[in-house]
Protein chains: 2
Amino acid sequence: MPLDRELMRGAGPVAVLKLLERREMYGYELVEALEQRTDGVLAMGQSTLYPMLYNLEGKGLVASRWDDSGPRGRKYYRLTGTGKRRLAADTAQWNAVTGAMRQLGIVGRLAADPARALEYRLAIPTAGLAPSNGLRP
Amino acid sequence: MPLDRELMRGAGPVAVLKLLERREMYGYELVEALEQRTDGVLAMGQSTLYPMLYNLEGKGLVASRWDDSGPRGRKYYRLTGTGKRRLAADTAQWNAVTGAMRQLGIVGRLAADPARALEYRLAIPTAGLAPSNGLRP
DNA sequence: GGGGGACGCTATGCGAGACATAGTATGCCG
DNA sequence: CGGCATACTATGTCTCGCATAGCGTCCCCC
């Protein structure tokens, strides 16, 4: 359920870094977690997530290792020290931007209400259309 | 005081549309209003704002008219009907994204506290550096 | 037993838009 | 009178989401 690409450019990477703050995760697991943990708002397909991970790794914000112990090989990603600092900075920026949007009257003082989140999610343009990038319908 | 370019991609246009929701404004006035109304968080220079306005007009979201009654000509912009609908949709998306970021623990339940906004603004990378695009120092 | 979807990943190119650089013009204040 | 503020236009660079295409194979169900 696609979020506007320009918003995803600002939100996607920091959301991924935040998920990796708690524990290392493999790619496909991140796809699932973004869907589950944000009620689909920040859902992204493999064609978005994997290049994003390569980019984050290229910048030294995450590091990866292969785990071939299961039936399928999995590439696990973890936050680096640089990544943790970047996450802190991005988190501050996101709070600043959210504050600014509130000042303008775009974002309200919204409680962390999943029902409300779903309400807004349904308002997203093209809601219900399944993109052809591997996202679940 | 530059906000990350990727965040501005998502925040800039909707902020401009929101400012035009109340009344028409001319370009330079929008530059000033973005600085004042968001404590500098969404401040942008003329080289960012004008192309953004041309893009919004190209999409039919705003319309412009010249006013030569003063000592300098001013190009006033107003929201179109299409622009109003787009603003409503973008506002919903921003609330959805903010809710998602809150679910992940990136954005907190922040009161509209200008002092807090300033605190976050100071946390923005490169705070204090004056860009060479006409933004005030 | 085999087919198809899920699982897990890689490669590459296109398009959108922030913003830097460069420019023009001139009003106005010290 | 000079410099900064005011007000705008033009163009090119850079970044990154994501589409398209692909490989490999596990596993479930008909």
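Note that this is a predicted model, so its numbers are computed, not measured. Values below: every heavy atom of this structure, side chains too, minus hydrogens, waters and symmetry copies. Letters go in sequence order (proteins before strands), and every chain restarts at 1.
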Are the side chain of Thr38(A) and the backbone N or O of Leu34(A) linked by a donor-acceptor pair below 3.5 Å? yes

To the nearest angstrom, how far is Tyr77(B) atom OH from dA7(D) atom P? 14 Å

For Arg74(B) and dG27(C), give me the distance from atom CZ to atom P, rounded to whole Å. 13 Å

Protein-nucleic acid N or O pairs under 3.5 Å, nucleotides 23-26 of chain D:
unit_1, atom_1, unit_2, atom_2, d
dG24(D), N2, Arg72(A), NH1, 3.2
dT25(D), O2, Arg72(A), NH1, 2.8
dC26(D), O4', Arg72(A), NH1, 3.3
dC26(D), O4', Arg72(A), NH2, 3.2
dC26(D), O2, Arg72(A), NH2, 3.1

Taken to the nearest whole Å, CG/Leu49(A) to P/dC18(D) is 11 Å

With the threshold set at 4.0 Å, does a side-chain nitrogen-carboxylate oxygen contact exist between Arg23(B) and Glu29(B)? yes

Asp67(B) CG to dT6(D) P, in whole Å, measures 17 Å

Which pairs pass ring pair (Phe, Tyr, Trp, His ring centres under 6.0 Å) with one or both residues in residues 48-71 of chain B, sequence neighbours excluded? none

Who are the side chain to side chain contact (heavy atoms under 4.5 Å, CB included) partners of Ala11(B), not counting sequence neighbours? Val97(A), Met101(A), Leu42(B), Trp94(B)

For Arg65(A), check side chain to side chain contact (heavy atoms under 4.5 Å, CB included) against everything at least two apart and list the hits. Glu24(A), Asp67(A), Tyr76(A)

Using a cutoff of under 3.5 Å, can you pull out all pairs of nitrogen or oxygen atoms linking the protein to nucleotides 13-17 of chain D, with atom names and distances?
unit_1, atom_1, unit_2, atom_2, d
dT15(D), O2, Arg9(A), NH2, 2.7
dC16(D), OP1, Lys59(A), NZ, 2.9
dC16(D), OP2, Asn55(A), ND2, 3.4
dC16(D), O4', Arg9(A), NH1, 3.3
dC16(D), O4', Arg9(A), NH2, 2.5
dC16(D), O2, Arg9(A), NH1, 2.6
dG17(D), N2, Arg5(A), NH1, 2.8
dG17(D), N3, Arg5(A), NH1, 2.9

To the nearest angstrom, the CD-C1' distance between Gln46(B) and dT24(C) comes to 12 Å

By salt bridge (charged side-chain N to carboxylate O under 4.0 Å, His left out), Glu57(B) pairs with (sequence neighbours left out) none

Can you tell me the distance, in whole Å, between the CG atom of Leu7(A) and the P atom of dC18(D)? 10 Å

Taking side chain to side chain contact (heavy atoms under 4.5 Å, CB included) as the definition, give me every residue that meets it alongside Asn55(B), ordered by chain and number, with sequence neighbours left out. Lys59(B)

Arg22(A): side chain to side chain contact (heavy atoms under 4.5 Å, CB included) partners, not counting sequence neighbours: Arg37(A)

Rounded to whole Å, the CG-P distance (Asp68(A) to dC9(C)) equals 11 Å

If only side-chain N and O atoms of Tyr28(B) are considered, is one of them under 4.0 Å from the OP1 or OP2 phosphate oxygen of dA5(D)? no

Just the rounded figure in Å: distance from P of dA19(D) to OH of Tyr50(A). 16 Å

Quick one: side-chain hydrogen bond (donor to acceptor under 3.5 Å, both in side chains) partners of Tyr26(A), sequence neighbours excluded? Arg74(A)

